[in-house]
Structures are given as C-alpha cells and as structure tokens.
Amino acid sequence: MSKSSSILLLNKEEGITSFASLGPIKRLIDPKVGHAGTLDRFATGLMIVLTGQLTKLNTLFTNLDKKYLATIRFGSETETLDPDGQVVGVGSIPNLKEIEEVLKTQFIGKIEQQPPQYSAIHIQGERAYRLARKGQRVSMPSRQVEIFSTKIISWDEKDLEVEIHCSKGTYIRSIARDLALACNS
C-alpha cells in the first residue's frame, strides 16, 4: 500500500461540485482519488474520500446508508429541482399536518423514486444533465430506494427542514418534488 493511501473526511463547501472538491486532494496527497457519494453543487456536507490503494474500498463505503439535513421549499418547482434552477411551476403551500401525514405514510420503507432530469445518471451513454441542458427530455428510469426515517426539524410556513435517513442512491431533490406533489403543492 502506498504511503498516500488514506480515508479522509471532507467537508464539501457550497457552490463547488463533489468532483471539483477533490482537486486539492489529488494535488497534495494522491492523484488516485475516489469518493463514496456525490453531493449537489448547492449542498454542503461530509464526503468520504479514498486515496491510493484504498480506492478499492469505495463500494464498501458507497453502499452505506446516508443521512441528510434538507430544507425543502414549498410553493414552486424548478427545472433542476434545486435552488438554482428556473421556476417551471407554482403551487399552494401545504400545512404542517398534511406534510407530517404524507411523510409517515408515503415516505417510509421501500419506495420507487424517479431521479431528476438534471442528474449524473447515464442515459444512452451520456449524463442525464447534459441531455437536459441540450433541451432533451428523457424518461428517467425509476429505482427502488429505502427511507428508514424522516424527522421534521422545523417549519416556517414555506420551508421545511427535515432529517432524512435513507439508502444509497436516494435523491433528496426527488423526495422534495414528490413530497410537494403528494401534498398537492
């Protein structure tokens, strides 16, 4: 094993991609770098980074459950399902009781989830977000994910802060979209 083989915990900053956040590690520690899960450009949080020979352990870490603290804004939907996209729809704001009921009945256990159009999933050999940026709409295949728990942290009549414990492959942006739709928002 090389001296530069390591497991690092990286606090990813807002405004930078997961891939770009690895640049300093590649330059300072080892050009062979991998990470155990992508965070959106607008997201902050912990990334598990592996270098050198330890990149072989990536699947071990990638398969672990994830826990997110998300803020979901009700009342508008963007094309990208994130704060940076263009608004493509508006709707009413549900009340907290509606949200609580939907979370405990529809967002627990194994669920089918359709990833966002703007995601890194490969569709016909190309990243879905690249196709979406070209104006091409593709049918995103749904996938089974598991929601182990949700816990409402706060609610301010428009923004819901919620902790979501889920399986790998879960898109929080898709949960936000689907939760809003389930609440007729």
Side-chain angles (χ1 to χ4, degrees), residues 1-72 80-85 103 107-133 138 140-151 153 160-179:
M1 190 174 326
S2 99
K3 291 180 183 178
S4 61
S5 294
S6 54
I7 299 173
L8 306 169
L9 301 178
L10 174 69
N11 184 16
K12 191 192 93 54
E13 297 176 12
E14 182 176 356
I16 187 169
T17 65
S18 293
F19 179 78
S21 68
L22 300 177
I25 296 169
K26 289 179 179 183
R27 286 188 301 277
L28 297 171
I29 298 175
D30 194 315
K32 187 174 181 179
V33 176
H35 60 85
T38 301
L39 292 173
D40 288 320
R41 178 185 294 270
F42 64 89
T44 62
L46 177 70
M47 286 179 47
I48 299 172
V49 178
L50 307 155
T51 67
Q53 292 295 314
L54 291 179
T55 57
K56 294 175 183 175
L57 299 177
N58 196 11
T59 54
L60 176 74
F61 290 101
T62 302
N63 289 327
L64 295 173
D65 301 348
K66 314 290 189 238
K67 197 175 272 191
Y68 298 96
L69 183 61
T71 301
I72 300 172
T80 55
L81 303 180
D82 69 24
D84 300 329
L103 278 175
F107 290 88
I108 193 72
K110 292 182 180 177
I111 63 170
E112 287 294 315
Q113 182 182 75
Q114 185 178 34
Q117 288 281 321
Y118 286 81
S119 65
I121 292 174
H122 282 93
I123 303 291
Q124 300 161 353
E126 194 163 358
R127 301 277 188 188
Y129 69 84
R130 288 191 182 122
L131 296 171
R133 285 181 187 152
V138 294
M140 297 298 290
S142 63
R143 56 171 62 176
Q144 189 176 76
V145 296
E146 190 166 3
I147 309 299
F148 302 110
S149 67
T150 58
K151 178 183 175 187
I153 306 301
L160 176 74
E161 188 174 2
V162 61
E163 181 183 271
I164 301 169
H165 179 195
C166 55
S167 65
K168 74 171 191 159
T170 304
Y171 280 86
I172 302 303
R173 290 181 287 144
S174 292
I175 288 178
R177 174 200 58 210
D178 297 343
L179 175 60

Measuring from atom [atom1] of [X] to atom [atom2] of [Y], what distance do you get when rounded to the nearest 0.5 angstrom?
X: Tyr118; Y: Arg41; atom1: OH; atom2: CZ; answer: 13.5 Å
X: His35; Y: Leu50; atom1: NE2; atom2: CG; answer: 10.0 Å
X: Ile175; Y: Cys166; atom1: CD1; atom2: SG; answer: 5.5 Å
X: Met47; Y: Thr38; atom1: CE; atom2: OG1; answer: 6.5 Å
X: Ile172; Y: Gln113; atom1: CD1; atom2: CD; answer: 7.5 Å
X: Ser21; Y: Lys26; atom1: OG; atom2: NZ; answer: 9.5 Å

For the residue pair [X] and [Y], what are the closest heavy atoms and their distance?
X: Ala20; Y: Ile16; value: CB-CG1, 3.5 Å
X: Ile123; Y: Ala128; value: CG1-CB, 4.0 Å
X: Gly52; Y: Thr55; value: O-OG1, 2.9 Å
X: Arg127; Y: Ala120; value: NH1-O, 2.6 Å
X: Arg173; Y: Leu81; value: CG-O, 3.3 Å
X: Ser142; Y: Glu112; value: OG-OE1, 3.2 Å

Tell me whether [X] contacts the main-chain N or O of [Y] through its side chain, where contact means a donor paired with an acceptor under 3.5 Å.
X: Ser167; Y: Val145; result: no
X: Asp30; Y: Val33; result: no
X: Thr44; Y: Glu14; result: no
X: Lys12; Y: Ala43; result: yes
X: Arg177; Y: Gln114; result: yes

Just checking, any donor-acceptor pair under 3.5 angstrom between side chains of Ser174 and Asp178?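 There is no such pair (donor and acceptor under 3.5 Å, judged by atom type) between the side chains of Ser174 and Asp178.
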Please walk me through it: do Gln117 and Val138 pass side-chain contact (heavy atoms from CB on, under 4.5 Å)? CA-CA 7 Å; Gln117 288 281 321; Val138 294; 3.9 Å; yes
Counting neighbours of [atom1] on [X] that are heavy atoms of other residues, nucleotides or ligands and sit closer than 6.0 Å, is the number greater than 12?
X: Phe42; atom1: CZ; result: yes
X: Gln124; atom1: CD; result: no
X: Glu13; atom1: CD; result: no

For the pair Leu69 and Ile153, evaluate side-chain contact (heavy atoms from CB on, under 4.5 Å) and give the outcome as yes or no after the intermediate values. CA-CA 9 Å; Leu69 183 61; Ile153 306 301; 3.8 Å; yes
Working note: Leu179 + Leu103, criterion side-chain contact (heavy atoms from CB on, under 4.5 Å); need CA distance, chi angles, decisive distance, verdict. CA-CA 7 Å; Leu179 175 60; Leu103 278 175; 4.1 Å; yes
Does the pair Leu10 and Leu46 meet the rule for a side-chain contact (heavy atoms from CB on, under 4.5 Å), with working shown? CA-CA 6 Å; Leu10 174 69; Leu46 177 70; over 6 Å; no
Is the shortest heavy-atom distance from the side chain of Ile48 to the side chain of Leu9 under 4.5 Å?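 Side chain of Ile48 against side chain of Leu9, heavy atoms only: contact under 4.5 Å found.
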